[in-house]
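Residue numbers count from 1 along this sequence. What's counted below: heavy atoms across the whole structure, side chains too, no hydrogens, waters or symmetry copies. Read the numbers this way: they start at 1 and go in the same order the structure lists the ligands and their atoms.
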Amino acid sequence: MIVIKTREQIEKMRKAGEILAACHREIAGMIRPGLTPLEIDKFVERFLAEHGATPEQKGYHGYPFATCASVNDVICHGFPDERPLKNGDIVTIDMVVNLDGWLADSAWSYAVGEISPEADKLLRVAKEALYIGIEKAVVDNRIGDISHAVQKFAEEQGYSVVREFVGHAIGQKMHEEPQVPHYGPAGKGPRLKEGMVITIEPMLNTGVWQSKLDADGWTARTADGGLSAQYEHTIAILPEGPLILTQQ
Ligand code: MF3
Ligand code: CO
């Protein structure tokens, strides 16, 4: 079932998104070699508590942390651990913020210190892929129009798009229908309607799109060890155009 949100409900999600965006801005300012993903996770817990919000990922299907921290070849759902970030790493921090029962979801990839031109291009293209998807998030388009635009752009730039993990509608639950794949044909899938709220969250790899799962049951890595990056926003579909609820 697709849940349509009222303007008032979207406004509540925007408030959750505002806190999330502010949290990402803080993280952007603190990322440096030597910092550990677990320190970032602790910071996020504190930041959200100070703003009257809670980390929705913690306890979600048993996930143990407030954030996912996915370093280099990790695609998503990496555990924030105590291994210090190194100069040249890339790390994606993903979180879902709950404010008064309404959710917002945003992941962002960060460069640690000086990164290689290869990693830098991946980050730039992954971020642009997100915004190319957002441009298609308009009333009367179909989900497939988003999927296709993202895939076409990413592949033209020489990257593969992850298939196993997709965007999703969101509201009072983290994952609502429909799913939002970042690959596939245009003109297919559910039609976008006013009041739908979805995430677009493409994961781009330098090598193959396939992934493998670590023994922890969560951490998804690229099958070939290539780099992976991800940018994600929560977006409301409105007659005047897509409204990014997690804008930084
Ligand atoms: N934030 C993720 C998403 O975009 C969900 C992470 S799974 C969790 O859907 F278990 F960590 F919550
Ligand atoms: Co998401």
Side-chain angles (χ1 to χ4, degrees), residues 2-3 5 13-14 16-17 19-21 23-24 27 37-38 40-42 44-45 47-48 53-71 74-81 91-99 101-110 126-127 129-131 133-134 137 143 146-147 150 161-183 196-205 211 213-221 228-237 242-248:
I2 293 180
V3 185
K5 280 87 187 175
M13 295 180 76
R14 200 185 59 76
I19 294 168
L20 204 173
C23 191
H24 268 308
I27 294 168
L38 194 60
I40 298 171
D41 192 78
K42 293 290 166 222
V44 168
E45 288 230 29
F47 186 93
L48 297 188
T54 56
E56 185 74 5
Q57 291 186 163
K58 197 168 184 173
Y60 181 82
H61 291 284
Y63 186 79
F65 299 97
T67 63
C68 301
S70 303
V71 180
V74 178
I75 295 170
C76 62
H77 305 165
F79 285 180
D81 61 18
V91 58
T92 303
I93 306 294
D94 187 7
M95 72 185 91
V96 179
V97 169
N98 182 328
L99 182 71
W102 291 92
L103 308 180
D105 185 359
S106 176
W108 214 251
S109 289
Y110 297 97
K127 192 190 291 183
L130 165 61
Y131 285 96
I134 292 172
I143 292 287
I146 299 172
S147 312
V150 170
V161 177
V162 169
R163 311 280 207 268
E164 290 101 321
F165 304 97
V166 297
H168 48 92
I170 180 169
Q172 293 187 288
K173 291 208 171 72
M174 191 190 303
H175 294 137
E176 296 181 354
E177 285 172 42
Q179 293 195 338
V180 184
H182 308 101
Y183 64 95
M196 285 172 67
V197 180
I198 60 170
T199 73
I200 302 177
E201 49 180 302
M203 288 142 272
L204 269 58
N205 299 349
S211 64
L213 207 58
D214 280 6
D216 63 21
W218 282 99
T219 308
R221 295 176 191 276
S228 189
Q230 179 186 27
Y231 293 86
E232 171 184 27
H233 275 312
T234 297
I235 297 125
I237 312 295
L243 177 65
I244 301 173
L245 304 180
T246 45
Q247 188 71 273
Q248 294 176 34

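Ligand 1 has an N or O atom lying under 3.5 Å from an N or O atom of Q57, backbone or side chain. Residue H175 has at least one nitrogen or oxygen atom sitting less than 3.5 Å from a nitrogen or oxygen atom of ligand 1, judged on distance alone. Annotation: Y60 places no N or O atom under 3.5 Å from an N or O atom of ligand 1; distance criterion only. No N or O atom of Y63 sits closer than 3.5 Å to an N or O atom of ligand 1.
Electrostatic pairing of K127 and E232 does not count as a salt bridge here, judged by no charged N lying under 4.0 Å from a carboxylate O.
Close placement of the H77 and F165 rings is indicated, their centers lying within 6.0 Å of each other.
Between the OE2 atom of E201 and the NE2 atom of H168, the angle centred on the Co ion (ligand 2) amounts to 90° when rounded to 10°.
Of the candidates T234, V166, D105, the one placing a heavy atom closest to atom 3 (C) of ligand 1 is D105.
For atom 2 (C) of ligand 1, the nearest non-hydrogen atom of the protein is D94 OD2, 3.2 Å. Of the protein's non-hydrogen atoms, H77 NE2, 3.6 Å is the one closest to atom 7 (S) of ligand 1.
Taking the N/O/S atoms of D105 in turn, the shortest distance to the Co ion (ligand 2) belongs to OD2. The nearest N/O/S atom of E232 to the Co ion (ligand 2) is OE2.
Near W218, with a cut-off below 4.0 Å to any heavy atom, the atoms of ligand 1 are 10 (F). Ligand-side atoms of ligand 1 in range of V96: 1 (N), range being under 4.0 angstrom from any heavy atom. Interface atoms of ligand 1 facing M174, defined by a heavy-atom separation under 4.0 Å, are 5 (C), 12 (F). Heavy-atom contacts of C68 reach the following atoms of ligand 1: 11 (F) (cutoff under 4.0 Å).
Within the 4.5 Å cutoff, side-chain heavy atoms of M13 are placed close to those of V197. With contacts defined as side-chain heavy-atom distances shorter than 4.5 Å, the pair S70/I93 does not qualify. Counting only heavy atoms from C-beta outward, the side chains of V44 and I27 approach each other to under 4.5 Å. Side-chain atoms of W108 and D94, non-hydrogen and from C-beta on, never get closer than 4.5 Å to each other. Residues D81 and L38 form no side-chain contact, since every pair of their non-hydrogen atoms from C-beta on lies 4.5 Å or further apart.
Ligand 1 lies out of reach of F165, whose nearest heavy atom is not under 4.0 Å from it.
Classification of the Y60-H175 ring pair by plane angle, with boundaries at 30° and 60°, yields perpendicular. Between Y110 and H24, the ring planes lie tilted relative to each other; the angle falls in the 30° to 60° range.
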- Go through N205 and S228 one step at a time and tell me if the side-chain hydrogen bond (donor to acceptor under 3.5 Å, both in side chains) criterion holds. CA-CA 4 Å; N205 299 349; S228 189; 2.7 Å; yes
- Just do the side-chain hydrogen bond (donor to acceptor under 3.5 Å, both in side chains) check on T246 and H233 with the steps written out, would you? CA-CA 6 Å; T246 45; H233 275 312; 2.7 Å; yes
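At a heavy-atom distance under 4.0 Å, no atom of T199 approaches ligand 1. At a 4.0 Å heavy-atom cut-off, ligand 1 touches E201 through the side chain alone. At a heavy-atom cutoff of 4.0 Å, ligand 1 is contacted by the side chain of E232 but not by its backbone.
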